[in-house]
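Since the structure is predicted, the reported quantities are computational estimates derived from the model, not experimental observations. Order of the sequence lines fixes the chain letters, A, B, ..., with proteins taken first and strands second; residue numbering starts at 1 for each chain.
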There are 2 protein chains.
Amino acid sequence: MNIMDETSGKEASATRGAYMSLRDMILTGALPAGEKLKIEQLRKLLDTGASPVREALSLLTSDMLVERIDQRGFRAAPASTENFAEILKLRCVLEDMALRQSITLATPEWEENLVLAHHRMKQLTGAATFEDAHKLFHMALLANSSSPMLERFCSQLYDLNIRYRNLASSGRNYQKRDITAEHEEILACAVRRDADATSTALLSHYRLTGAYLTTQLVNL
Amino acid sequence: MNIMDETSGKEASATRGAYMSLRDMILTGALPAGEKLKIEQLRKLLDTGASPVREALSLLTSDMLVERIDQRGFRAAPASTENFAEILKLRCVLEDMALRQSITLATPEWEENLVLAHHRMKQLTGAATFEDAHKLFHMALLANSSSPMLERFCSQLYDLNIRYRNLASSGRNYQKRDITAEHEEILACAVRRDADATSTALLSHYRLTGAYLTTQLVNL
DNA sequence: TCTGTTAAAAATATCGATATTTATTGACTT
DNA sequence: AAGTCAATAAATATCGATATTTTTAACAGA
């Protein structure tokens, strides 16, 4: 009598459901940075038991979204301009590395998946699921590095960056940039297998966003 | 009536105790790579409840020492020569970065802590606690990077490397190297604030160990 | 007023029992 | 023999209750 799958709101396990919800709440800022995360409170909010909440929080620790202090519970990872700067720097180094490895090892499958991810992202401009498609595109760039740990680091850092994007976006996103064109450029360079050009385009894409976000984050 | 502190074998919390024990067992190979980690089994082994074991395993996931598969439990992270090569590569890139930042921002305190860590390590050559002192020395090199996430990554990767050292060391460690001299060299360069030289010495130190370990890991 | 102490309240950590899910076994069919 | 399928066994996930620890608040002494 269990119909639960990707389509259903219900997750496969209570822990996974709690993990997803809490992750989303931290990334969007529904749970503010630095906030104490009380088990009982979250248990009621998510309408589940204490064990799944606790386990989900432990898991979120891996993603650096939650801090755990022995014997005194959990809190949402604090946010600061220093932390944001660190994330940007690490992303640039690690994605550069992953990207170059991906291109060095380039295969037709990798290229096709990349084109596909880009296409899907374009279709969804503005949609709620655009964020997901955007991440999938960027991860598709790195997906051929044959370095799982490196990709995991990049994925984590990507999410942390999204979080700052959300924290900053009270005054709506008005940049004089053509993000779509930047993505096209990145894709074109990658398909051309030009590692230097792709890296330049990608890092510039990140650094422009980073510089813009930094100006919005003065209140942190 | 609780006297538990650093000196006592008892840990502050059951979870922390389980975390430390399991971590140690995985790093030393007492729990072999890839092995299924059954809660009930570990519960009895560590003489504690299922909750602390479960939480400790969730936490070890952050360190990439344990894999968690939803609904079908935990297993010790698998080991492979590919994985080892990846760790070595990432370490070289990330420690290089952290080291250079540390030296750029060098302060007398940093330098003094480094000298101290080196001295302590020398005293303990061969002792059981040498491993700890060795790690403290290497982390002291990076400790001034003002990049906590980067230091965390380096620490994680350091531990993963130790694990491979242990996995390989069935046929005892007989290399024609003067590890002590290598450490002296690294320290001297760092104190001289010569980032290029320190980095060269450090990375060579890692790569020599890496190359040696790779020859020992054929059986993986 | 400040400081240190202690009782009460709140929150975390842990346990033991139970519900769910996955893995295994072996009979039964093709 | 190989492959299904159902029944059983094993393991994981989850719950609800309790023990421990930390935090808060009230208060006495300097």
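Toward the 5′ end of DNA chain D lies the nearest nucleotide of B:Gly73, the other residue of the pair A:Asp70 and B:Gly73 mapping further downstream.
Rounding to the nearest 0.5 angstrom, the gap separating the OG atom in A:Ser62 from the CD atom in B:Gln156 is 8.5 Å.
At whole-Å resolution of the value, NZ in A:Lys38 and P in C:dA10 are 10 Å apart. Rounded to an integer number of Å, the gap from B:Leu46 CG to C:dC15 P is 11 Å. The distance from atom CG of A:Leu57 to atom P of D:dT14 is 14 Å, rounded to the nearest whole Å. When the P atom of D:dT14 is taken as reference, atom CG of A:Asp47 falls 14 Å away, rounded to whole Å. Taking atom CD of residue A:Glu67 and atom P of nucleotide C:dT12, one finds them 15 Å apart after rounding to whole Å. Rounded to whole angstrom, the span from the CG atom of B:Leu42 across to the P atom of C:dT14 amounts to 16 Å. Look at CD on B:Gln71: it is 17 Å from P on C:dA19, rounded to the nearest Å. One can place CD1 of A:Ile39 at 5 Å from P of C:dT12, the figure rounded to the nearest angstrom.
The residue from A:Lys36, A:Arg43, A:Lys38 that alone fulfils the salt bridge (charged side-chain N to carboxylate O under 4.0 Å, His left out) condition with A:Glu40 is A:Arg43.
If you check every strand for non-hydrogen atoms under 4.0 Å, A:Leu37 touches sugar and phosphate atoms only.
With respect to A:Arg68 and A:Asp70, a salt bridge is recorded, a charged nitrogen being found less than 4.0 Å from a carboxylate O.
Judged by distance alone, with hydrogens and angles left aside, the side-chain atoms of A:Trp110 form no donor-acceptor pair with the main-chain N or O of A:Leu142 at under 3.5 Å. A:Asn144 places a side-chain N or O within donor-acceptor distance of the main-chain N or O of A:Leu105, the cut-off being under 3.5 Å.
For A:Thr48 and D:dC15, the shortest distance from a side-chain N or O to OP1 or OP2 is below 4.0 Å. Note on A:Ser13: every side-chain N or O is 4.0 Å or more away from OP1 and OP2 of D:dT12. In terms of phosphate contacts, A:Lys36 brings no side-chain nitrogen or oxygen within less than 4.0 Å of OP1 or OP2 of C:dA11.
Distance from the side chain of B:Arg72 is smallest for C:dT22 among the nucleotides D:dC15, D:dT22, C:dT22.
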